[in-house]
> 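Sending over a structure as structure tokens; questions will come in a sec.
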Amino acid sequence: VGEVKTDPAVLTEEPGKNIVAKAPGMKYRHYAPKGQLYLVEGEEPAVIEKINRLTKEQEQKGIKTAVIATEETKSAYLCQNVYSIGTRENQASIAAGLYDILREMDKIGAAHIYAESLPQEGLGQAIRNRMLKAAGYQKIHAEGVRCDGTL
């Protein structure tokens with residue numbers, strides 16, 4: 001087949017003036033839910049703790065929250081609205097259900113949505129790319145500081 005090249009607009013997390021999206025799916029924010037989606041990154045126990053803390057804080061303020069989890073972790077979340085995106089053992093099931101679960105967030109009216117970050121191996125890289133675009137690149141590091149430097 002020869003050398004395979006990936007367009008820089010797909011890999012970059014913050015497209016600049018020098019990188020032009022060649023298709024709608026490569027734009028900065030794409031297929032995003034109406035509520036703000038945050039991708040929470042880190043070790044699994046820290047991610048669970050962080051999401052539970054954030055959802056509790058938001059729910060106490062009267063803000064409707066939701067969690068996008070995997071089958072392996074969904075029972076660990078205390079939020080009223082926890083949705084499984086699939087199993088980490090079958091990344092194809094996660095990819096297939098991604099847009100459906102984002103539309104479900106709109107149906108329930110979630111204002112803040114917290115999603116577990118997935119491994120970047122194999123299909124995981126494409127899934128993470130789509131989730132980052134849906135989140136408008138809003139990431140939260142599980143240890144307490146958002147990756148862009150704010151909480």
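Start at 1 with the first residue, then count along the sequence.
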> Would you say CD of Gln80 has more than 12 non-hydrogen atoms from neighbouring residues, nucleotides or ligands within 6.0 angstrom?
no
> Any carboxylate oxygen within less than 4.0 angstrom of a Lys/Arg side-chain nitrogen, looking at Arg103 and Asp106?
yes
> Side chains of Leu37 and Gln138: closer than 4.5 Å at any heavy-atom pair?
no
> Is the shortest heavy-atom distance from the side chain of Ser117 to the side chain of Val47 under 4.5 Å?
no
> Would you give the length of the straight line joining atom OH of Tyr77 to atom CD1 of Ile68, rounded to the nearest 0.5 angstrom?
11.0 Å
> Under a 4.5 Å cut-off applied to non-hydrogen side-chain atoms, are Ile113 and Leu102 in contact?
no
> How close do Glu71 and Ser84 get, heavy atom to heavy atom, and via which atoms?
OE2-OG, 2.7 Å
> Do any N or O atoms from the side chain of Glu41 and from the backbone of Ala142 form a donor-acceptor pair under 3.5 angstrom?
no
> Tell me, do Tyr38 and Leu54 make a side-chain contact under 4.5 Å, heavy atoms counted?
no
> Is the closest basic N to carboxylate O distance between Arg53 and Glu57 below 4.0 Å?
yes
> Atom CD in Gln91, atom CD1 in Ile127: separation rounded to 0.5 Å?
5.0 Å
> Would you kindly say whether Thr73 and Glu116 are connected by a side-chain donor-acceptor distance under 3.5 Å?
yes
> Nearest 0.5 angstrom please: Tyr137 OH to Met131 CE, how far?
13.0 Å
> For Val82 and Ala69, which heavy atoms make the closest approach, and how far apart are they?
CG1-CB, 4.3 Å
> Would you say Ile108 and Lys64 make side-chain contact, with heavy atoms under 4.5 Å?
yes
> State the CD1-CG distance between Ile94 and Leu123, to the nearest 0.5 angstrom.
8.5 Å
> Mind checking whether Arg130 and Tyr99 have side chains closer than 4.5 Å, heavy atoms only?
yes
> Pick one: which of Gln58, Glu59, His112 meets side-chain hydrogen bond (donor to acceptor under 3.5 Å, both in side chains) with Thr65?
Glu59
> To the nearest 0.5 Å, tell me how far Asn81 CG sits from Glu104 CD.
9.5 Å
> Look up atom NZ in Lys56 and atom CD1 in Ile51, then write down how far apart they are to the nearest 0.5 Å.
16.0 Å
